[in-house]
Protein chains: 2
Amino acid sequence: MDADKIFKALGDPTRRKLLDLLYARNGQTLGELCDHLDMARQSVTQHIGLLEAANLVSTVWRGREKLHFINPVPLHEVYERWVRKFERQRLSLLHDLKKELEGE
Amino acid sequence: MDADKIFKALGDPTRRKLLDLLYARNGQTLGELCDHLDMARQSVTQHIGLLEAANLVSTVWRGREKLHFINPVPLHEVYERWVRKFERQRLSLLHDLKKELEGE
DNA sequence: TTGACATGCAGGCATTTACCTGCATATAAT
DNA sequence: ATTATATGCAGGTAAATGCCTGCATGTCAA
C-alpha cells in the first residue's frame, strides 16, 4: 500500500465526496459524478485520477462510458497500519499527560 | 472532527514518521524529534503544527521544553467515518465489476 | 454517414505547501 | 550576571496542487 497516495487522495473534500457518491451508488459514470460536483468535468477527472492512483477507485469502460467503483481494500490497510496500531494508547494518553504535568 | 485537517496531516511522510516516533516513545521534546529527522528544526515545528491543528498530537510545556503526545482519538474517528462505512462493500466489489463487464 | 455525446489530453494560472534562513524570546546552568 | 539551550516568529522560494479553457478522439444514434 502507498500510504502517501492514499492519504493525499483522502485529503481533499471533493475526492471524499466522490467516494460518498460511489458509496451511495457504485458504478456511476464520469458524467453522473460530475452532476453532483460544481466544477469543470476535467477537474473531476483529475480528482478521480488521484483516487485511481491510490487504488481507492477502479474503473471499467463500457462503450464510451467510464464506470467507477469503490475499492475499499486500501482503506482497510490504512486502518490496520494507522488506526489499530494506535488504539491501545487511547486510554493511556491522559495518564501520560498527567504524569508529565506533575514533573513525572 | 475535521477530516480535511486529519487527512492532510497524515498525507506527508515526515508527519507520519513523527507519529511513529511518538508511538515508539510518547512525550518526546521537539529537539528529540528533530534528531530523527533530516531537516531544519523550524520545518519540524511546522509539521508538528499541522499535527496539532488536526488534534493528532497534544503538547505540554515543561520549562523551556515542549513535550509531544499522540492523540489517537481522531484516528479512531477516521476509522468510524471512512473505513468501517466502506467495509461491507469489500466482498461485493468483484461481483459488481463482473456484472458491469457482462453489460449488467 | 453525419451529428451528438462521453471522455481524454495539453497547457496555463493562482494558491498552497514544504522547505529554508535569520532573528527574538524565555528558561536553565555556570 | 552571563552564557548556553530550547523554542517561537517572520519572511522568502521552489515545487506541488486545484482549478480552468480549448481542442482531440472515440462511440452511439438518426
Side-chain angles (χ1 to χ4, degrees), chain A residues 2-22 25-54 56-69 100-104, chain B residues 2-22 25-54 56-69 100-104:
Chain A
D2 187 331
D4 218 63
K5 286 183 182 171
I6 296 170
F7 284 123
K8 279 182 177 153
L10 292 169
D12 178 277
T14 300
R15 293 193 285 269
R16 291 195 300 275
K17 181 163 186 181
L18 281 166
L19 290 181
D20 279 337
L21 288 170
L22 290 177
R25 188 161 63 82
N26 216 359
Q28 293 186 65
T29 66
L30 175 60
E32 287 170 333
L33 294 170
C34 285
D35 290 343
H36 298 277
L37 295 168
D38 190 24
M39 62 176 60
R41 173 179 53 84
Q42 190 52 32
S43 306
V44 178
T45 295
Q46 281 182 328
H47 283 300
I48 290 172
L50 296 191
L51 289 171
E52 287 186 70
L56 286 162
V57 163
S58 305
T59 59
V60 174
W61 282 91
R62 183 175 60 188
R64 63 185 166 183
E65 290 176 318
K66 191 185 184 188
L67 308 179
H68 301 76
F69 297 85
E100 289 299 336
L101 283 167
E102 290 159 5
E104 194 144 1
Chain B
D2 187 330
D4 218 63
K5 285 184 182 173
I6 296 171
F7 283 124
K8 279 183 176 151
L10 293 169
D12 178 275
T14 299
R15 293 193 285 272
R16 290 195 301 274
K17 181 163 186 180
L18 281 166
L19 291 181
D20 279 336
L21 287 170
L22 290 177
R25 188 161 64 81
N26 216 0
Q28 294 186 64
T29 67
L30 175 58
E32 287 170 334
L33 293 171
C34 284
D35 289 343
H36 298 276
L37 295 168
D38 191 25
M39 62 176 60
R41 173 178 54 82
Q42 190 54 31
S43 306
V44 178
T45 295
Q46 280 182 328
H47 283 299
I48 290 171
L50 296 192
L51 289 171
E52 287 186 73
L56 286 163
V57 163
S58 306
T59 59
V60 175
W61 282 91
R62 184 175 59 188
R64 63 185 166 181
E65 290 175 319
K66 192 184 183 189
L67 307 179
H68 300 75
F69 296 85
E100 288 301 335
L101 283 167
E102 290 158 7
E104 194 145 359

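All chains are named by letter (A, B, ...) in the order of the sequence lines, taking the proteins before the strands, and each is independently numbered beginning at 1.
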Write down the distance between [atom1] ([X]) and [atom2] ([N]), rounded to a whole number of angstrom.
| X | N | atom1 | atom2 | result |
| --- | --- | --- | --- | --- |
| B/His68 | D/dA6 | NE2 | C1' | 11 Å |
| B/Gln28 | D/dA6 | CD | P | 14 Å |
| A/Trp61 | D/dG26 | CH2 | P | 11 Å |
| A/Gln46 | C/dC13 | CD | P | 16 Å |
| A/Phe7 | D/dT17 | CZ | P | 16 Å |
| A/Arg15 | D/dC19 | CZ | P | 8 Å |
| B/Asp12 | D/dA16 | CG | C1' | 12 Å |
| B/Glu65 | D/dT7 | CD | P | 6 Å |

From the options [options], select the nucleotide whose nearest atom is closest to the side chain of [X].
| X | options | value |
| --- | --- | --- |
| B/Lys8 | C/dG8, C/dT17, D/dC19 | C/dT17 |
| B/Lys66 | D/dC19, C/dC19, D/dT7 | D/dT7 |
| A/Met39 | D/dT7, C/dA18, D/dC19 | D/dC19 |

Neighbour count above 12 (heavy atom, 6.0 Å) for A/Asp38 CG: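 No.
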Tell me if the NZ atom of A/Lys5 is crowded by more than 12 foreign heavy atoms within 6.0 Å.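 No.
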Applying the side chain to side chain contact (heavy atoms under 4.5 Å, CB included) test to A/His68, which of A/Thr29, A/Leu21, A/Ile48 qualifies?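 Result: among A/Thr29, A/Leu21, A/Ile48, A/Ile48 is the only option passing the side chain to side chain contact (heavy atoms under 4.5 Å, CB included) with A/His68.
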If we only count heavy atoms from C-beta on, is the [X] to [Y] side-chain gap below 4.5 Å?
| X | Y | value |
| --- | --- | --- |
| B/Lys17 | B/Thr14 | no |
| B/Leu30 | B/Thr59 | no |
| A/Leu50 | A/Lys8 | no |

Strictly under 3.5 Å: I want the nitrogen or oxygen pairs between protein and nucleotides 21-30 of chain C, one per line.
unit_1, atom_1, unit_2, atom_2, d
C/dT27, O2, B/Arg64, NH1, 3.1

B/Ile48 near the nucleic acid: base, sugar-phosphate alone, or nothing, with a heavy-atom cut-off under 4.0 Å?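 Here B/Ile48 touches no strand at all.
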Closest non-hydrogen atom pair between A/Arg16 and A/Gly11, with its separation: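 Result for this residue pair: NH1-C, 3.7 Å.
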